[in-house]
K.L.:
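Dumping the structure here so I can ask a few things about it.
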2 protein chains.
Amino acid sequence: MPDTPAIHGIDDSPRGRLLSAAAHLFRDKGFDRTTVRDIAAAVGIQSGSIFHHFKSKEDILFAVMEEVIRFNTERLRQAVADADTPLEQLRNLVRAELTATVGDTREAMVVMVAEWRCLGEAKQQEALALREIYEQIWLDVLGRLHKAGAFHADPFIMRRLLTGMIGWTPNWFSTNRRLSVEDLADLIVDRVVGEA
Amino acid sequence: MPDTPAIHGIDDSPRGRLLSAAAHLFRDKGFDRTTVRDIAAAVGIQSGSIFHHFKSKEDILFAVMEEVIRFNTERLRQAVADADTPLEQLRNLVRAELTATVGDTREAMVVMVAEWRCLGEAKQQEALALREIYEQIWLDVLGRLHKAGAFHADPFIMRRLLTGMIGWTPNWFSTNRRLSVEDLADLIVDRVVGEA
DNA sequence: AGCTACCAAGCAAGCGCTTGGTTTGGCAAG
DNA sequence: CTTGCCAAACCAAGCGCTTGCTTGGTAGCT
């Protein structure tokens with residue numbers, strides 16, 4: 001009965017398995033249409049038992065978001081560190097966010113952008129703080145490229161266009177097609193710095 | 001008590017006012033978190049009276065989507081007809097979709113992409129058919145541009161990147177800022193055909 | 001003994017929707 | 001100008017069901 005494919009960056013403690021299952025369901029049906037009974041059934045326990053691990057359903061959603069953003073912030077950091085030139089840093093960032101979005105943390109990433117408003121005011125603010133750290137990594141790299149004259153548009157706006165392009169990919173990109181993540185990343189990078 | 005700002009392309013019959021109010025609430029709180037009592041209160045009637053105009057809550061959501069997609073499909077048609085060169089057609093398309101997305105049909109457009117899965121299978125298919133007509137207009141113009149050598153990437157993928165860029169704008173674009181819709185449109189067109 | 005992990009049962013609240021009856025505005029016959 | 005009528009629009013009340021969450025207790029490991 002259990003066995004939802006695990007999400008990268010989440011361990012397989014009872015709590016972790018609960019999180020992976022919840023993320024999967026939240027992505028499939030949305031937060032509101034997913035009941036605690038659904039989540040419980042997905043890991044093979046009773047609905048009431050969930051509240052031994054989380055104090056509310058909303059807490060589960062927040063935990064999913066927190067885990068995935070922490071994990072992927074670290075991934076972005078590595079992406080920047082692993083490159084020498086600003087252009088290569090950008091390419092690595094795009095690849096990293098694409099991997100997060102259509103790859104190993106796909107469900108959780110989709111949940112994060114789609115179910116944002118299901119969090120209460122307080123937790124929304126808390127998540128926003130984490131999100132800002134994440135965004136700053138992007139802005140640093142884009143700012144450096146802009147200063148170097150690699151593109152003319154405002155770096156803030158460029159980031160928003162990138163967020164849109166990458167954030168929409170789960171709605172169409174399929175891993176088992178001709179187009180690889182690397183090729184798509186190059187294609188997106190070309191939207192920023194122009195083609196060869 | 002009533003007076004939700006109307007959405008372009010929806011009349012102000014009782015039914016139309018109900019639709020505008022519903023679209024506004026759906027965007028604000030999401031479909032599931034919006035109760036029929038909320039919608040009723042927004043137009044100043046009793047919750048039960050809603051079912052004189054619509055046979056279910058889901059029907060309201062579908063009606064919102066149908067109205068907005070029909071209205072904006074016509075807008076796209078005009079945008080293409082009003083331009084002479086393929087490049088100007090593209091620019092007009094981007095402007096039109098931006099206007100729909102952050103302008104006069106903003107709430108309904110956001111609802112359409114966000115609350116898709118709240119429709120049952122049948123109505124989802126029905127909406128998809130309308131959506132395909134809409135998309136075909138884009139693909140025709142992009143296909144012509146591609147054939148003319150204005151850009152190298154696959155037109156289907158280019159459309160998806162555009163969908164992402166434009167679809168994300170409600171999350172950051174503000175009408176009362178320095179950046180106008182026209183300037184943003186030019187900026188986005190440059191992501192397709194390269195800068196001057 | 002004490003901790004983690006769980007079960008079985010169920011409560012209070014809120015939900016979409018139904019029902020039966022009442023108001024309202026327009027319009028044609030007398 | 002009145003009267004009678006009808007359909008559209010709405011009200012008041014509440015039914016049946018699902019929801020998130022609580023409670024009190026138990027099994028097993030250390």
Side-chain angles (χ1 to χ4, degrees), chain A residues 1-4 6 10-26 28-65 111 115 117-124, chain B residues 1-4 6 10-26 28-65 111 115 117-124:
Chain A
M1 296 311 136
D3 272 342
T4 316
I10 296 182
D11 57 20
D12 70 347
S13 60
R15 186 190 128 106
R17 266 174 275 126
L18 226 26
L19 281 182
S20 281
H24 186 76
L25 286 164
F26 289 164
D28 241 48
K29 325 202 297 173
F31 177 76
D32 289 314
R33 297 174 106 77
T34 302
T35 69
V36 293
R37 288 166 175 83
D38 290 334
I39 304 172
V43 299
I45 62 175
Q46 293 294 94
S47 68
S49 306
I50 286 190
F51 297 91
H52 176 71
H53 301 277
F54 300 93
K55 68 181 243 287
S56 73
K57 184 187 168 191
E58 188 192 319
D59 254 39
I60 303 178
L61 176 61
F62 180 74
V64 168
M65 293 187 178
V111 166
E115 314 294 340
R117 60 175 151 214
C118 294
L119 290 177
E121 192 75 28
K123 300 220 169 265
Q124 230 172 81
Chain B
M1 294 315 135
D3 272 342
T4 316
I10 296 182
D11 58 19
D12 68 348
S13 61
R15 189 190 125 103
R17 266 174 276 126
L18 225 28
L19 282 181
S20 281
H24 185 77
L25 285 164
F26 289 164
D28 241 49
K29 324 201 300 174
F31 177 76
D32 290 312
R33 299 173 105 77
T34 302
T35 69
V36 294
R37 287 166 176 85
D38 290 335
I39 304 172
V43 299
I45 62 174
Q46 292 295 98
S47 68
S49 306
I50 286 192
F51 297 92
H52 176 70
H53 302 277
F54 300 93
K55 67 181 243 290
S56 72
K57 184 186 167 190
E58 187 192 320
D59 254 39
I60 303 178
L61 177 61
F62 180 74
V64 168
M65 291 187 178
V111 166
E115 313 295 338
R117 61 177 150 212
C118 294
L119 290 178
E121 193 76 28
K123 301 220 167 267
Q124 230 171 82

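Quick note: numbers below take in every heavy atom, side chains included, and nothing from hydrogens, waters or symmetry partners. Proteins get letters first, then strands, A, B, ... in listed order; numbering begins at 1 in each.
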K.L.:
At a cut-off of 3.5 Å, list every protein nitrogen or oxygen paired with a nitrogen or oxygen from nucleotides 21-23 of chain C, distance to 0.1 Å.
P.N.:
none

K.L.:
Going through the checks in order, is the salt bridge (charged side-chain N to carboxylate O under 4.0 Å, His left out) test met by A:R117 and B:D28?
P.N.:
CA-CA 9 Å; A:R117 60 175 151 214; B:D28 241 49; over 6 Å; no

K.L.:
If you round to the nearest 0.5 Å, how far is CD1 of B:I60 from NZ of B:K55?
P.N.:
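CD1 of B:I60 is found 11.5 Å from NZ of B:K55.
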
K.L.:
Got a sec, which residues hit side-chain contact (heavy atoms from CB on, under 4.5 Å) with A:Q124, two or more places apart in sequence or on another chain?
P.N.:
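For A:Q124 the side-chain contact (heavy atoms from CB on, under 4.5 Å) partners, ignoring immediate neighbours, are A:W116, A:L119.
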
K.L.:
Can you measure from CD1 (B:I39) to OG (B:S20) and round to the nearest 0.5 angstrom?
P.N.:
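Here the rounded value is 12.0 Å.
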
K.L.:
If an axis is fit to five pairs at each end of the helix from C:dA1-D:dT30 to C:dG30-D:dC1, what is the angle between the two, to the nearest 10°?
P.N.:
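One end's axis against the other's: 10°.
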
K.L.:
Check step by step if side-chain contact (heavy atoms from CB on, under 4.5 Å) holds for A:K57 and A:I50.
P.N.:
CA-CA 9 Å; A:K57 184 187 168 191; A:I50 286 190; over 6 Å; no

K.L.:
Could you list the residues that satisfy salt bridge (charged side-chain N to carboxylate O under 4.0 Å, His left out) with B:D32, not counting sequence neighbours?
P.N.:
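With neighbours one apart ignored, the set is A:R33.
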
K.L.:
Do any N or O atoms from the side chain of A:E58 and from the backbone of A:G120 form a donor-acceptor pair under 3.5 angstrom?
P.N.:
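Pair found, side chain donor or acceptor close to backbone of A:G120.
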
K.L.:
Using the side-chain contact (heavy atoms from CB on, under 4.5 Å) criterion, which residues pair with B:D38? Sequence neighbours excluded.
P.N.:
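Partners of B:D38 by the side-chain contact (heavy atoms from CB on, under 4.5 Å) criterion, ordered by chain and then number, come out as B:L25, B:K29, B:T34, B:T35.
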
K.L.:
Going 5' to 3' along DNA chain D, which nucleotides are the first and last within contact of chain A (any atom under 4.0 Å from a heavy atom)?
P.N.:
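So the contact region on DNA chain D extends D:dT19 to D:dT22.
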
K.L.:
Considering only heavy atoms, which members of residues 50-61 of chain B lie under 4.0 Å from some atom of DNA chain C?
P.N.:
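Result for residues 50-61 of chain B: B:F51, B:S56, B:K57, sorted by number.
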
K.L.:
List in chain and number order the residues that pass side chain to side chain donor-acceptor pair (under 3.5 Å) with B:H53, two or more places apart in sequence or in another chain; answer none if no residue qualifies.
P.N.:
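For B:H53 there are no side chain to side chain donor-acceptor pair (under 3.5 Å) partners, ignoring immediate neighbours.
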
K.L.:
Which part of the nucleic acid does A:T35 contact within heavy-atom distance under 4.0 Å: base, sugar-phosphate only, or nothing?
P.N.:
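The answer is sugar-phosphate, as A:T35 gets under 4.0 Å only of primed atoms, P, OP1 or OP2.
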
K.L.:
Under the rule for salt bridge (charged side-chain N to carboxylate O under 4.0 Å, His left out), what residues qualify as partners of A:R37, not counting sequence neighbours?
P.N.:
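Per chain and number, A:R37 pairs via salt bridge (charged side-chain N to carboxylate O under 4.0 Å, His left out) with no residue.
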
K.L.:
Please report the interatomic distance SG(A:C118) to CZ(A:F26), rounded to the nearest 0.5 Å.
P.N.:
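So the SG of A:C118 and the CZ of A:F26 are separated by 8.5 Å.
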
K.L.:
Do B:S49 and B:Q46 have side chains that get closer than 4.5 Å, going by heavy atoms?
P.N.:
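A side-chain contact exists here, since the closest heavy-atom pair is under 4.5 Å.
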
K.L.:
Whole Å only: how far is the CZ atom of B:R37 from the P atom of C:dT18?
P.N.:
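B:R37 atom CZ is separated from C:dT18 atom P by 13 Å.
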
K.L.:
Applying side-chain contact (heavy atoms from CB on, under 4.5 Å), name anything that partners A:V64, two or more places apart in sequence or on another chain.
P.N.:
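A:V64: side-chain contact (heavy atoms from CB on, under 4.5 Å) contacts with A:L19, A:A23, A:A108.
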
